[in-house]
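Okay, structure first, notes after.
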Amino acid sequence: AQSVTQLDSQVPVFEEAPVELRCNYSSSVSVYLFWYVQYPNQGLQLLLKYLSGSTLVKGINGFEAEFNKSQTSFHLRKPSVHISDTAEYFCAVRGSGGYNKLIFGAGTRLAVHP
Amino acid sequence: DAGITQSPRHKVTETGTPVTLRCHQTENHRYMYWYRQDPGHGLRLIHYSYGVKDTDKGEVSDGYSVSRSKTEDFLLTLESATSSQTSVYFCAISEGDRGDSPLHFGNGTRLTVT
């Protein structure tokens with residue numbers, strides 16, 4: 001079975017500062033990894049995904065994530081955040097073989113302050 | 001927006017009453033999902049469908065049933081609502097069942113059971 005742990009429930013940061021949101025997963029099979037963002041009163045929007053190939057994945061809004069198989073991590077980063085990045089971010093994992101459900105972490109609330 | 005409409009967007013109901021939530025998609029995707037979102041739990045899968053009249057349980061299916069009589073509609077029913085079912089419910093769709101198929105989410109239904 002797969003599981004996802006997001007290590008920080010809340011991350012406060014000042015505008016234009018860098019940020020890292022941490023995600024670790026556990027799985028006995030190869031996986032695909034995703035980051036979703038949820039703005040207030042909205043659904044989830046796909047930010048980026050790792051399927052295969054380069055371990056550094058670039059997504060929308062200037063975010064990127066790095067897949068580290070040895071550490072079973074998929075941390076999300078942005079070099080300079082904006083007020084508009086304030087949202088909740090979810091890491092998710094899905095097994096690569098056959099049909100597998102998408103399993104979500106508990107979420108990290110990013111609060112960007114002026 | 002991936003062509004997913006959830007209705008109603010908000011609902012308040014009393015304990016013991018039946019409630020049906022509707023998800024309508026215009027993408028003609030085969031796979032549809034119902035998730036619930038609760039603080040500290042992220043999103044948890046309730047039920048999913050892999051075709052008309054083909055459904056299966058997720059990890060938190062107790063107290064819920066689903067139906068899919070048309071490709072575009074996926075209904076979630078709470079036969080007898082309880083306070084523990086107060087939550088935000090999200091519908092999602094995906095084109096395929098492979099692990100690399102991302103899910104696209106609706107804007108959610110906020111359900112309060114009093």
- [ ] Answer yes or no: is there a side-chain heavy-atom contact under 4.5 Å between B:Tyr35 and A:Leu102?
- [x] yes

Taking all non-hydrogen atoms of both residues, which atom of [X] and which atom of [Y] are closest, and how far apart?
X	Y	value
A:Leu46	B:Pro102	CD2-CB, 3.7 Å
A:Arg94	B:Ser101	NH1-O, 2.7 Å
B:Gly40	A:Ala106	O-CB, 3.4 Å

Within one Ile-Leu-Val-Met-Phe-Trp-Tyr cluster: [X] and [Y], side-chain cutoff 4.5 Å:
X	Y	result
B:Tyr31	B:Val52	no
A:Leu7	A:Leu110	no
B:Ile93	B:Leu75	no
B:Val12	B:Val19	no
A:Leu47	A:Leu56	no

Open item on the list: I need the B:Leu45 CG to A:Ile103 CD1 distance, nearest 0.5 Å.
Closed with: 7.5 Å

Task: Heavy-atom proximity to chain A below 4.5 Å, by part of B:Gln37 - done: side chain

Open item on the list: Which atoms of B:Arg9 are under 4.5 Å from chain A, going by heavy atoms: the side chain, the backbone, both sets, or neither?
Closed with: side chain

Task: Atom CZ of B:Arg110: over 12 foreign heavy atoms under 6.0 Å - done: no

Task: Within 6.0 Å of CZ in A:Arg77, more than 12 heavy atoms from elsewhere - done: yes

Residue part contacting chain B, namely of [X], when any heavy atom lies under 4.5 Å:
X	value
A:Gln38	side chain
A:Leu44	both
A:Tyr36	side chain

